[in-house]
Each structure stands twice: as C-alpha cells, then as structure tokens.
Amino acid sequence: MTAPLKGRNFLALEDFTPEEINYLLDLAHEVKRERYEGIDQRRYNGKNLLMLFEMGSTRTRCAFETSGCDLGMGTTYLSNSHFGKKETIKDSMRVFSGMYAAIAYRGPSHAQLLEMVKDCTIPVINGYTNHQHPTQMLADAMTLQEIWGRDGLAGKTFCFIGRGGEVNSFSYAVMCAMLGMNFVYVTSFMEFEEALSKLTPSQREMYHKYVPEGTMPNHWESRMPAEKRAIVEALYAKYHPECSFIETDDLDAVKGVDAFATENWGFFTDPAPAWLPGIVRFRPYQVNKELLERTGNPDVVVLHMLPATHNCDHEAGKELADIVAPDDPELAEFLHKGFEVTDEVFEQQAKHIFREAENRQHTIKAVLQAVLG
Ligand code: CP
C-alpha cells in the first residue's frame, strides 16, 4: 500500500479499514526500526506541526513533539490561545491551515473536533476526545504484535476492566473488532447510592464537603453508551463475525483472557475525598495477582495507557490514604498497594507497559508520515 492515507484526518479507528489500520501498524514497526538503527527520518523539513491541546497530557504531547522533531518538522504546543474563546474556531482553523502541515488535537468534545475539520485544509489527528483515543489504540496494538508476533492478535481475547467510561472501553472494543480479537468489558454496575452507603460515616461526611448531597458525580455511568455499542457491534459484524463482544460485571468473564487493560479510576481532576465512592465501586475490579490467576493464563499481559495509580507515592493518593487511615486502616493499606492496579502487578508487567508508552511515539510518527504522504 503506497501512501493511501495522504491528506486524510485521523479522528477515529472506525473511519479506516482493517487493512489501513494494519498499514499504519506496519509503518510504525518500520519507523521504530529506523529510529533504533539511527536512520535520519527528517523527511518533512520545512513543514510544521501544531499540537492544539485543551486538556493536559504527558505521553501524547511528548509523542507528537518528538515525532515531529524526528521527522524534521517545526512544532508548536498551543494550550492557552484565543482558540474558541476570543476567536471563532472557524477563523483559528483557517489561520492554522496557512501555517502548518498537520494538527494534533486533544480536547473534551469530539463534536467540536468534527466542526474543526470542516474549516481546515490540512490533516487533523485526534490525540483524545470524548469519542475515542485512536493513537493510543495503535500503540497498544503494536505492543501486542511485538509480544505475540505480527499475526498474533487474531483470535486472542482482550479484556478492559474497571472504569471504561465512554472513551476507553469503546476505544479498545473498536480496536479489537477491527483486528480480530474477542473483547470483554468487565466493569461495575453499582449504583451511586449503593457506593455511598458503603462509606463509613466520616468518609461520607468528608465526601460531602466536596460534593453536595443530592449531586451525582460526573461520568458515573460505566456501561458503554448504546450508540457506541452499536458502532462496535456493526464493526464486528462487518469485519470479524467469528469474534465475541461481552460487557459484564461478572469477574468470571476473565477466564481465558490473553491481555488486560485498565485505566485510573478517573479522579485526577477532583479533590482526593471525592474519589471515595468510585474506589468502593471499582475495588473488586482491581488488576491484581488474584485477577491474573482467575484467567488461567500464566502468560497474560497487562497494559496501562498511563498515568497509573499503582501506589500512593503521589500527592493525591497520599492525601487520601492519610485521610482514611484513622477510621478505615484496611482501606488505607489497600490504597498503599495500588488503586486500579497493584504495585506488584504493575512492576511485574512494567516491561510491557513502558514499551506501550514508547510505542506512542512510533505509532504517532507513522500516522503523521501517512497523512503527510
Ligand atoms: N495515555 C495518554 O494519553 O497519556 P497522556 O494523557 O499523558 O497523554
């Protein structure tokens, strides 16, 4: 396949065919090999890359910036501009189109991204929106290919466990549907009131100092939204009807799983006590030694897109553990060993997890190269 994606936007995996996704993965392996061999990759000298980020990022931003530099491009990281505030999106996009060869965008609204591309004459790459995290999925698929072999994904069973919300479980489900893997989404269906009732009186009081009584936390629903389920089911029917797709709260569904992914329990933007009901809800779905044993697969792989909360060695985790310790020492001890993944499993699987992080760069470079042509 020769430069079939030149000029295309990269907004969601389902906009592409499995052949095109595999083309991007092949290209990622190729640019990784080049980089390891010290081959000069400056193919886009004189071109510029804009990273327009309306949300925080470590890996995605670094992967775009280093990829742009490796490819010889000038890069701009823009997070505090007039965009959408004191200037219309349409006008900003017309400005960017005149100065840059491609745009990487991260922001909370996919609907806005779809608006942005209408007024843009250069390729736009989705670096995470509330629809999907497609460049992350390429890095995960590449990592699994490195572990299992380039043709090793077909027929494997991938499980996303924990807080999938509207983006993560969906992104992995689309990846699996396109690449021929079974997908199991295991999450908690616990209602908010039940989680609240399981807190100790002092934890509830502390929680309500930050979240008023009668208020539902944002994004409590963990089931995949119906419209996203429909996209996944249509992709499986079209490309891999032989594969299965399950959403459940039953931990027995992890039997036979080949790889897990999980995500932090989603509270980085909130004060630590606001995490408490979510911890109650997701605690049984922690990726720990017992969960891995349940699979019956001694070679099961664990991925994590990061940042991970695998211990309390960070400000928010420490604050929370200190707060609960006097009243609930058992919870404090649990948190010290990890939230969504235990420190033990995280460190045991670190070789995969940090390879996955590095592969953000190679896969993003491949996407850039493909859309620039
Ligand atoms: N995995 C990921 O997207 O990381 P950042 O939020 O740090 O970019």
Side-chain angles (χ1 to χ4, degrees), residues 10-13 24-25 28 32 49-70 75-80 102-110 113 124-144 146 158 160-176 218-219 259-270 287 301-310 313-317 339-341 346 349-368:
F10 188 76
L11 306 184
L13 296 181
L24 288 170
L25 289 170
K32 183 170 183 174
L49 170 66
L50 174 64
M51 289 161 288
L52 178 62
F53 278 42
E54 298 191 286
M55 295 164 72
S57 166
T58 300
R59 279 142 290 273
T60 311
R61 184 247 170 112
C62 294
F64 272 106
E65 188 139 2
T66 54
S67 292
C69 290
D70 285 355
T75 59
T76 306
Y77 179 71
L78 199 59
S79 64
N80 57 349
I103 298 175
Y105 175 76
R106 171 174 284 201
S109 165
H110 196 72
L113 176 60
V124 180
I125 301 166
N126 178 1
Y128 182 96
T129 64
N130 64 344
H131 179 70
Q132 203 178 87
H133 197 358
T135 60
Q136 179 71 53
M137 295 306 103
L138 291 182
D140 285 43
M142 179 183 188
T143 306
L144 294 176
E146 288 179 335
F158 191 98
F160 187 92
I161 188 161
R163 187 189 66 94
E166 58 181 344
V167 181
N168 295 320
S169 56
F170 171 67
S171 300
Y172 282 104
V174 170
M175 174 187 87
C176 290
N218 289 330
H219 308 297
F260 284 108
T262 188
E263 241 283 59
N264 72 73
W265 288 338
F267 315 104
F268 282 114
T269 50
D270 297 327
V287 178
V301 170
V302 177
L303 299 180
H304 196 306
M305 65 172 69
L306 304 175
T309 329
H310 56 94
D313 297 347
H314 48 87
E315 199 179 295
F339 290 59
E340 76 276 10
V341 56
F346 184 86
Q349 298 278 330
K351 62 181 183 295
H352 301 316
I353 293 167
F354 289 99
R355 182 200 288 224
E356 175 192 9
E358 179 195 324
N359 285 341
R360 299 297 311 283
Q361 185 194 62
H362 308 299
T363 45
I364 278 175
K365 193 183 288 175
V367 173
L368 275 172

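Nothing here was measured: the structure is a model prediction, and the numbers come from that model. For ligands, and for the atoms within them, numbers begin at 1 and follow the listed sequence.
Of all atoms in ligand 1, listed by their number and element, those nearer than 4.0 Å to a heavy atom of Thr60 are 2 (C), 3 (O), 5 (P), 8 (O). Residue contact check: Leu306 has heavy atoms under 4.0 Å from atoms 1 (N), 2 (C), 4 (O) of ligand 1. Under a 4.0 Å criterion applied to the non-hydrogen atoms of His133, ligand 1 contributes the atoms 2 (C), 3 (O).
Ranking protein heavy atoms by distance to atom 7 (O) of ligand 1, first place goes to Thr58 N, 2.6 Å. Of the protein's non-hydrogen atoms, the one nearest atom 6 (O) of ligand 1 is Arg106 NH1, 2.9 Å. At the shortest separation from atom 4 (O) of ligand 1 among protein heavy atoms lies Arg59 NE, 3.0 Å.
Without hydrogens or angle criteria, Thr363 side chain to Ala28 main chain gives no donor-acceptor distance under 3.5 Å. Side-chain N or O atoms of Ser171 include one that pairs as donor or acceptor with a backbone N or O of His133 at under 3.5 Å. Using a distance-only test at 3.5 Å, with no hydrogens or angles considered, a donor-acceptor pair links the side chain of Asn130 to the main chain of His110. Remark: side-chain polar atoms of Asn126 are paired, donor with acceptor, to backbone N or O of Thr129 under 3.5 angstrom. Between the side chain of Glu356 and the backbone N or O of Ala139 there is no donor-acceptor pair closer than 3.5 Å. A side-chain donor-acceptor contact under 3.5 Å links Ser67 to the backbone of Gln361.
Ligand 1 has no nitrogen or oxygen under 3.5 angstrom from a nitrogen or oxygen of Arg61. When only interatomic distances are considered, the shortest N/O to N/O separation between Met305 and ligand 1 falls below 3.5 Å. The shortest N or O to N or O distance between Gly56 and ligand 1 is not below 3.5 Å.
At a 4.0 Å cut-off, at least one heavy atom of Arg360 sits close enough to ligand 1 to count as contact.
Salt bridge Lys32/Glu146: present, at least one basic N to carboxylate O contact under 4.0 Å.
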